[in-house]
Amino acid sequence: MLPESAKPYLLNAVYQWCVDQGHTPYILVVVAYPGVSVPSGYEKDGRMILDVSPRACHSLNMADDWITFNARFGGVARTVDVPMAAVAAIYAAETQEGMGFADPEMPSTPPPTPEEGGGVNTDKPAGKPERPALRVVK
């Protein structure tokens with residue numbers, strides 16, 4: 001079993017493969033996972049399939065901890081935020097080839113949102129920058 005830290009790399013690799021092959025990349029998301037922000041009414045059995053192809057979404061950002069993008073649902077533009085841990089699979093819509101992951105364990109505390117610095121570069125100036133520190137090692 002792969003460590004959770006490998007998931008962003010694998011998602012990006014399968015996504016790029018889908019795009020390079022001319023396929024439509026879909027991600028399967030566990031909607032009940034804390035921090036998931038998707039339009040309601042599109043889920044089935046607690047999961048939702050999202051088209052993350054370049055023609056279906058804009059400003060796609062697949063960072064280490066979050067996937068964020070803008071897309072239209074029923075003609076209404078929406079921002080979608082998905083913690084990386086909530087992704088259960090990524091695959092090509094046309095061939096069903098891709099990669100599935102174990103169902104995520106529900107955390108006791110929700111992950112930090114992208115606005116709180118949960119892995120997505122929001123290009124907002126941070127407050128006071130952290131000063132570098134040195135320590136003596138003997």
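Taking hydrophobic clusters as Ile, Leu, Val, Met, Phe, Trp and Tyr residues chained together by side-chain heavy-atom distances below 4.5 Å, Val87 does not share a cluster with Tyr26. Follow the hydrophobic side-chain contacts under 4.5 Å out from Leu28 and you never reach Val31; the two are in separate clusters.
The two residues Pro104 and Ala85 have their closest heavy-atom pair at CB-O, 3.1 Å. Heavy-atom minimum distance, Glu105 versus Tyr33: O-CE1, 3.4 Å. In plain terms, the two heavy atoms of Val52 and Tyr15 that are nearest each other are O-CE1, 3.1 Å. For the pair Val30 and Val36, the tightest heavy-atom approach, listed with the atom from each and the gap, is O-CG2, 3.5 Å. The two atoms that bring Pro8 and Asp64 nearest to each other are CG-O, 3.2 Å, heavy atoms only. Pairing each heavy atom of Met106 with each of Pro34, the nearest pair is SD-CD, 3.9 Å.
The shortest side-chain heavy-atom distance between Pro54 and Val19 falls under the 4.5 Å cut-off. Contact of the Pro83 side chain with the Trp66 side chain is registered, since non-hydrogen atoms from C-beta on lie closer than 4.5 Å. In this structure the side chain of Leu60 reaches within 4.5 angstrom of the side chain of Ile67, judged on heavy atoms. When side chains are defined from C-beta on, Leu50 counts as touching Val82, because their heavy atoms get closer than 4.5 Å.
Applying the side chain to side chain donor-acceptor pair (under 3.5 Å) rule to Asp51 yields the partners Ser53; only residues at least two apart in sequence or on another chain are considered. For Phe73, the ring pair (Phe, Tyr, Trp, His ring centres under 6.0 Å) criterion is met by Tyr42, not counting sequence neighbours. Shown here are the salt bridge (charged side-chain N to carboxylate O under 4.0 Å, His left out) partners of Asp103, two or more places apart in sequence or in another chain: Arg47. Contacts of Arg78 classified as salt bridge (charged side-chain N to carboxylate O under 4.0 Å, His left out), with partners at least two apart in sequence or in another chain: none.
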For a quick test of your reading: what N or O donor-acceptor pairs under 3.5 Å do the side chains of residues 91-100 make, sequence neighbours left out?
unit_1 : atom_1 : unit_2 : atom_2 : d
Glu94  : OE1    : Thr24  : N      : 2.8
Glu94  : OE2    : Thr24  : N      : 3.3
Glu94  : OE2    : Thr24  : OG1    : 2.7
Thr95  : OG1    : Glu97  : N      : 3.2
Thr95  : OG1    : Glu97  : OE1    : 3.2
Gln96  : NE2    : Ala93  : O      : 2.8

Residue pair Leu11, Phe101: steps toward the side-chain contact (heavy atoms from CB on, under 4.5 Å) verdict: CA-CA 10 Å; Leu11 282 169; Phe101 303 97; 3.9 Å; yes
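Atom OG1 of Thr68 is separated from atom CG of Asp81 by 6.0 Å, given to the nearest 0.5 angstrom. Taken from OG in Ser40 to CE in Met48, the straight-line distance is 8.5 Å, to the nearest 0.5 Å. A distance of 6.0 Å separates SG in Cys18 from CD1 in Ile90, rounded to the nearest 0.5 Å.
Using modelled atom types, one finds a donor on one side chain and an acceptor on the other under 3.5 Å when comparing Asn70 with Thr79.
Residue pairs meeting the salt bridge (charged side-chain N to carboxylate O under 4.0 Å, His left out) criterion with at least one member in residues 17-44, sequence neighbours excluded, do not occur.
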